[in-house]
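Below is one structure, written out as structure tokens; comments come after it.
The first residue of the sequence shown is numbered 1, and numbering continues consecutively from there. Owing to the predicted nature of the structure, the values given are computational and were not obtained by experimental measurement.
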Amino acid sequence: MGENRRAPGQPEQVYGRLTGGLPAAAGPVYPDYVGFSFIAHFVEVRIEPTTRRIRVPRVVSVADCGAVASPRTARSQVEGGVVWGIGAALREASEVDPRHGGFLNADLAEYVLPVAADIGRIEVGFVGKPDTRFNALGVKGLGEVAMVGVAPAIVNAVFHATGKRLRRLPLRLEDLLD
């Protein structure tokens with residue numbers, strides 16, 4: 001039971017943190033290769049000229065996550081990440097009461113999430129090349145990487161459409177008004 005085990009590439013220093021009750025913040029170190037997945041999102045936006053409402057009719061996402069063990073699950077993971085990113089870019093915001101510090105929209109009735117009408121076509125593709133240096137199956141994780149690039153891709157598409165570089169999320173209609 002007292003045997004120490006490390007993940008492949010994990011440095012020796014993690015043991016000191018673990019025995020001290022701290023999380024093992026030191027992750028794997030692979031000097032010759034990268035064990036992460038990569039994804040690229042291509043976003044089409046439409047901005048209504050009078051109201052400045054931003055719509056996302058189409059997102060194309062291509063992921064390099066090694067071999068795809070379950071295409072249906074992987075596709076669903078990316079689609080969910082895209083929806084999450086659309087919400088982060090255009091809808092979701094925690095409104096805080098400046099006097100008392102409480103949340104003004106503390107439930108799902110008042111916290112604005114994207115709904116099916118907000119989501120256009122999502123196309124997902126995979127490189128599908130196994131990376132057997134990381135593990136024998138050649139698969140890599142496809143968690144948060146599916147979401148993190150969506151909001152910046154939307155912001156860049158809005159910049160391309162309007163010429164306005166917006167640096168605050170979610171994007172608000174008043175940010176696009178002249």
* Asked: Can you tell if the side chain of Leu104 reaches within under 4.5 Å of the side chain of Val96, non-hydrogen atoms only?
  -> no

[X] side chain to [Y] main-chain N or O, any donor-acceptor pair under 3.5 Å?
| X | Y | value |
| --- | --- | --- |
| Asn135 | Val139 | yes |
| Ser61 | Val124 | no |
| Asp107 | Glu110 | yes |
| His41 | Ala146 | yes |
| Arg52 | Pro49 | yes |
| Asn156 | Ala153 | no |
| Asn105 | Glu95 | yes |

Under a 4.0 Å threshold between the charged nitrogen and the carboxylate oxygen, would [Y] count as salt-bridged to [X]?
| X | Y | answer |
| --- | --- | --- |
| Lys164 | Asp175 | no |
| Lys140 | Asp131 | yes |
| Glu48 | Arg46 | no |

* **Heavy atoms of other groups near Arg72 CZ, more than 12 under 6.0 Å** => no

* Asked: Should we count CZ of Phe36 as having more than 12 external heavy atoms under 6.0 Å?
  -> no

* To do: Begin from the C-alpha positions of Val59 and Ile154 and carry the test side chain to side chain contact (heavy atoms under 4.5 Å, CB included) through to its verdict.
  => CA-CA 9 Å; Val59 178; Ile154 292 171; 6.0 Å; no

* To do: May I have the step-by-step check of side chain to side chain contact (heavy atoms under 4.5 Å, CB included) for Ile39 and Val62, ending in yes or no?
  => CA-CA 6 Å; Ile39 194 163; Val62 180; 6.0 Å; no

* **Nearest atoms (heavy-atom pairs only) where Phe126 meets Cys65** => CD2-SG, 4.0 Å

